[in-house]
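A, B, ... follow the sequence lines: proteins, then strands. Residue 1 opens every chain. All figures in this text were calculated on a predicted structure; none of them were measured in a lab.
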Amino acid sequence: MIEAVGPIKRKFAPWDDPTLKPFIRFENVTKRFGDFTAVDNLTLDIYEREFFALLGPSGCGKTTLMRMLAGFEQPTEGRILLDGKDLSGIPPYKRPVNMMFQSYALFPHMTVEGNIAFGLKQEGMDTSNINTRVAEMLELVKLEKFAKRKPHQLSGGQRQRVALARSLAKRPKVLLLDEPLGALDKKLREETQFELMDIQMELGMTFLIVTHDQEEAMTVSDRIAVMNHGVIAQIGTASQIYEQPASRYVADFVGDINLIDGTVSAVEGGVATLHCAGVDATIVAEAGPGEVAVGAEAGFAIRPEKVQISLEAPPAGTPNVLSGEVWDIGYLGDISVYRVRLAGGSIVKATVANLTRIVERPITWEDKVYLTWPADAGVILLK
Amino acid sequence: MAERGTQEVRPFLAKWALVAVPYLWSLLFFLAPFLIIFKISLSQTAIAMPPYLPVIGSLGDLWTKLSDFTFDNYIFLTEDPLYYSAYLSSLRIAFVSTVLLLIVGYPIAYGMARAPKSLRNALVMAVILPFWTSFLIRVYAWIGILKPEGLITIALQALGILGPGEQIHVYNTETAVFIGIVYSYLPFMVLPLYAALEKLDATLLEAAADLGCPPTKSFWVITFPLSLPGVVAGCFLCFIPIVGEFVIPDLLGGSETLMIGKTLWAEFFNNRDWPVSSAVAVVLLIILVVPIVIFQNQQKKA
Amino acid sequence: MVRQRLLGAAALTVALATGAAAQEKVVNVYNWSDYIDESTLEDFTKETGIKVVYDVFDNQDIVETKMLAGGSGYDVVVITGSFLSRQIAAGVYQPLDKSKLPNLSNMWPEVMSRVAEYDPGNQYGIDYMWGTTGIGYNVEKIKAIMPDAPVNSWDMVFKPEVVSKFKDCGVQFLDASEELIPAALKYLGKNPDSKDAADIEEAGKLLASVKPYVQKFHSSEYINALANGDICVAVGYSGDILQARNRAAEAKNGVTINYVIPKEGANMWFDIMAIPKDAPNPDAAHAFMNFIMKPEVIAKSTNYVAYANGNLASQKFVDPAILSDASIYPDKETLANLFSITPYDAKAQRVLTRVWTSVKTGM
């Protein structure tokens with residue numbers, strides 16, 4: 001699914017408010033395991049009540065970053081501040097953060113209740129308060145009927161909820177979620193994503209989620225940090241990351257992208273002209289970050305759903321036109337993907353929402369088609 | 001139809017044969033010997049070959065001689081406090097040994113389970129390795145270590161802890177029996193514990209720490225309870241044979257170490273009283289069956 | 001005890017396997033370990049063409065269990081008198097065919113008549129060797145601890161004031177009730193062969209009173225312990241203690257062991273050859289026994305193991321050093337003082353074992 005932009009949830013953008021102090025701060029944090037640098041001189045601010053996602057492929061350092069916050073790993077260099085306090089030297093069991101583990105890590109010898117109450121007991125809370133809190137948590141995750149069961153008597157989805165309830169029970173200042181939905185099937189995953197958002201809003205906590213699933217990250221979070229090889233490739237809201245990827249890596253990692261290579265022939269007021277010899281076309285588009293200058297090797301990046309496909313040639317003089325023939329059509333139910341072969345042999349994808357039945361659609365295999373897009377739909381990124 | 005019939009019969013037979021083998025095995029090597037011993041325990045001693053009466057030669061005998069069977073031997077066991085004390089003493093020695101084994105074995109198993117993966121197999125081998133030499137030789141070796149002029153005395157004298165004339169007197173005491181038992185049975189304790197601890201998911205401990213539980217406490221609330229199946233298996237694997245242990249107390253223990261294995265030996269070989277010794281054996285079996293049943297229930301639950 | 005049991009079982013398997021494989025004439029012999037000059041066996045085969053399958057044991061209780069179970073496969077078994085007597089009653093042995101044993105005329109009437117206590121009329125058995133149960137001690141150590149020690153008396157081990165002095169240098173007793181209880185009875189001035197429960201219990205009390213000074217009750221450990229100087233007093237079998245004496249002498253370790261038959265009297269025991277009822281080769285068994293009764297044959301074994309035999313005619317072939325050693329061949333006066341023990345019936349045996357257990361464990 002390429003439902004590009006997540007819904008605009010609320011007006012909440014503390015990162016734009018210079019008077020606010022970050023709640024969690026990673027300050028020049030480096031973590032090395034032997035020769036391998038998992039996190040490389042990374043600085044990152046997360047604000048209170050934010051739902052923040054760390055997104056990246058496995059091995060990019062996102063989990064290490066989270067484990068350092070939880071206290072399971074110590075930074076090799078740099079420091080981590082929580083609410084202004086340096087966390088170094090504080091063992092995991094004394095940190096006001098709780099984690100929901102990817103494997104859930106439920107205690108198999110304890111009941112659902114016992115698991116949820118575990119953290120509260122460590123706090124020394126009295127029994128009646130524990131019982132109240134456990135009941136609240138069970139209600140929150142809708143598991144009232146399963147209180148006396150052991151983890152092995154639950155389904156995967158139910159276990160996930162127990163794990164969530166357990167990590168929320170202590171009302172931590174920060175909840176860490178390590179690939180929390182990875183083990184669930186797609187449908188359940190989507191439902192749960194929305195529930196997570198509701199819970200986060202209701203409890204008003206700061207959530208930090210680690211995921212390799214860009215859809216999940218975009219759905220749930222206020223901001224996303226895309227990570228690559230221990231550094232942050234881009235931080236931004238879902239739409240910023242999707243619409244204005246800061247690099248080819250981000251563009252490629254988040255969603256589907258068409259990349260058309262060429263040479264910058266002109267730059268003016270943040271708008272660059274790209275001469276694409278391979279496909280015999282000239283593209284004018286917004287210049288991305290970095291030094292997009294005349295003569296630079298760059299690429300035009302555009303999402304497939306922004307590309308319009310047509311049998312009729314646009315009026316002469318229209319900028320940003322590519323022509324080719326329909327090479328392949330992929331029918332995905334809600335949308336169809338047209339793979340169009342350009343003059344030089346490269347392929348550009350265009351997706352079209354299936355508003356009408358496909359048999360009524362006139363474009364078919366080997367038709368000569370024209371591809372166009374709005375002026376602000378794509379971005380020119382350096383190689 | 002006929003062909004179909006045979007096709008159905010064959011797997012049926014094969015299935016039964018598969019089930020029958022273990023049953024036959026138990027029947028032949030457990031139930032039959034037990035019944036023989038039980039039968040002897042209801043007999044009376046006689047100066048004869050074999051040294052008891054009645055001797056059942058055929059099924060017909062069984063009926064005619066039925067009235068010759070008595071429970072006198074079992075009653076006899078209750079009349080002399082010797083047997084009662086021997087059982088109790090065996091259970092006590094087995095219990096103390098098992099606790100010692102657990103105390104010694106748990107840290108070893110824990111260390112093995114927490115060792116780097118590449119080392120673990122080597123550590124398991126190190127635990128099993130002594131088994132490749134004869135059990136008797138290893139117990140005899142302990143005599144050489146523990147005896148008053150043995151290696152421990154020599155070592156302690158060399159270190160100056162003992163004066164030249166002083167010796168340690170451990171050999172022929174109950175302490176030596178405990179040392180010998182703990183040494184000999186250690187693998188039976190360590191291996192099931194290791195199997196249980198190795199399976200333990202390390203993230204559970206992280207989860208516990210994350211929820212505010214310090215490491216020492218999480219050992220008792222997470223690690224130990226989850227290793228319980230291993231603890232139970234190890235304890236039973238040790239406890240049951242130790243109750244009937246004969247060799248180690250005979251070789252390392254003093255004359256006053258009273259154990260049921262020795263008592264049984266004396267009944268059988270010194271008194272030549274096969275019926276009473278059979279009764280001792282049957283009672284021992286009953287005493288041991290109780291923990292075995294508990295053990296099996298525990299296994300079912302796990 | 002255990003080691004011996006295992007050895008015995010292994011040896012039996014071997015014996016039975018070889019016995020079954022051989023089609024030629026065979027005799028299966030079961031004897032105490034280290035109790036024969038092995039060349040005797042080859043000599044027998046040379047003379048008669050009968051192959052000997054020779055199997056050994058260290059513990060008679062196990063032999064008895066095997067014999068009572070039946071089907072042992074042995075042709076000749078060597079067993080101590082009191083055991084023989086009980087096994088005869090159980091029907092384990094067959095009467096000897098004396099027409100096949102012309103060498104019976106070589107036997108020692110004194111020994112024959114004593115053996116007849118176990119085997120009336122000498123119907124089932126012939127004495128192989130005999131010995132006594134007395135005291136072995138470390139000469140130097142005893143002299144150092146107690147120069148006036150009553151070394152020729154049971155006082156050495158049964159008088160608490162005396163034996164307590166030897167506690168630290170080590171005292172061991174045989175783990176054999178049928179040896180120690182009669183000795184204690186004799187020391188108490190009672191009939192050593194008494195089967196009376198009260199007598200046995202009284203002997204038990206005496207033994208219990210010296211038990212704190214006894215390091216261990218064991219039937220073979222004392223041989224090495226004496227020879228190495230690890231202990232200084234042992235109640236044991238004459239031959240074993242003499243063996244310890246020889247080992248110490250060979251080792252030149254400064255240990256001198258002496259064996260004494262206490263002046264109060266000591267148990268005289270007999271190891272007797274007999275033929276099981278179900279012996280597979282009874283003729284070969286008779287031939288073997290007749291061969292052993294040849295004076296020069298049995299003398300050879302006596303010279304080898306340092307035990308007296310029951311063959312009077314053999315004495316001229318016995319090494320004079322052995323024949324003149326009063327601890328092996330006692331003089332007439334000592335001989336008169338030796339007693340023998342008849343078998344215990346089941347009831348008395350139970351009292352004996354029970355008293356013995358209570359001596360050892362305090363239970």
Side-chain angles (χ1 to χ4, degrees), chain A residues 63 66-73 90-111 114-125 130 133-134 137 150-153 159 162-179, chain B residues 102 105-107 109-111 113-120 189 192-236 294-302:
Chain A
T63 301
M66 175 179 271
R67 288 173 60 80
M68 283 194 282
L69 182 53
F72 301 135
E73 312 284 357
I90 299 176
Y93 55 91
K94 286 186 179 158
R95 297 193 180 196
V97 298
N98 284 143
M99 181 153 167
M100 187 187 151
F101 289 81
Q102 184 174 9
S103 63
Y104 307 148
L106 296 180
F107 306 127
H109 57 304
M110 295 181 194
T111 59
N115 268 283
I116 296 173
F118 185 86
L120 302 172
K121 281 184 192 156
Q122 309 310 317
E123 269 183 355
M125 194 187 256
I130 289 179
R133 181 75 66 83
V134 169
M137 286 297 138
K150 292 268 182 77
H152 68 92
Q153 295 166 314
R159 270 181 243 174
V162 177
L164 180 63
R166 186 179 70 178
S167 53
L168 285 171
K170 289 181 82 172
R171 301 267 160 84
K173 288 184 178 174
V174 180
L175 180 70
L176 309 177
L177 302 123
D178 185 7
E179 305 273 6
Chain B
L102 191 61
Y106 204 105
Y110 190 84
R114 292 280 162 276
K117 267 215 167 77
S118 52
L119 252 178
R120 287 187 203 164
M189 182 58 89
L193 282 176
Y194 168 71
L197 286 169
E198 204 224 358
K199 269 196 304 194
L200 193 107
D201 183 359
T203 51
L204 293 181
L205 297 176
E206 284 187 350
D210 188 66
L211 292 165
C213 189
T216 39
K217 194 178 172 197
S218 69
F219 173 83
W220 289 109
V221 294
I222 308 292
T223 310
F224 190 74
L226 286 175
S227 67
L228 268 182
V231 172
V232 171
C235 285
F236 279 92
I294 297 170
F295 177 50
Q296 295 234 320
N297 283 344
Q298 184 75 28
Q299 289 290 88
K300 250 180 240 163
K301 266 191 248 160

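In this structure, B/Ile222 and A/Met110 approach most closely via the heavy-atom pair CD1-CE, 4.0 Å. Closest non-hydrogen pair, A/His109 versus B/Pro225, comes out as CD2-CB, 3.5 Å.
In terms of the side-chain contact (heavy atoms from CB on, under 4.5 Å) criterion, residue partners of B/Leu228 (sequence neighbours excluded) are, by chain and number, B/Phe224, B/Val231. By the side-chain contact (heavy atoms from CB on, under 4.5 Å) test, A/Gln122 is found to be paired with A/Phe118, B/Cys213, B/Lys217, residues two or more places apart in sequence or in another chain being considered. Residues that satisfy the side-chain hydrogen bond (donor to acceptor under 3.5 Å, both in side chains) test with A/Asn115, not counting sequence neighbours, are A/Arg166.
Heavy atoms of A/Leu176 lying under 4.5 Å from chain B are absent altogether. The contact between A/Lys170 and chain B is made entirely by side chain atoms (from C-beta outward), counting heavy-atom distances below 4.5 Å. For B/Asp201, the part lying under 4.5 angstrom from a heavy atom of chain A is the side chain only.
Between A/Pro108 and B/Leu204 there is a side-chain heavy-atom pair separated by less than 4.5 Å.
Of residues 95-104 of chain A, those residues lying under 4.5 Å from chain B by any heavy-atom pair are A/Val97, A/Asn98, A/Met99, A/Phe101, A/Ser103.
Chain B forms the most heavy-atom pairs under 4.5 Å with one residue out of A/Ala169, A/Pro92, A/Gly71, and that residue is A/Pro92.
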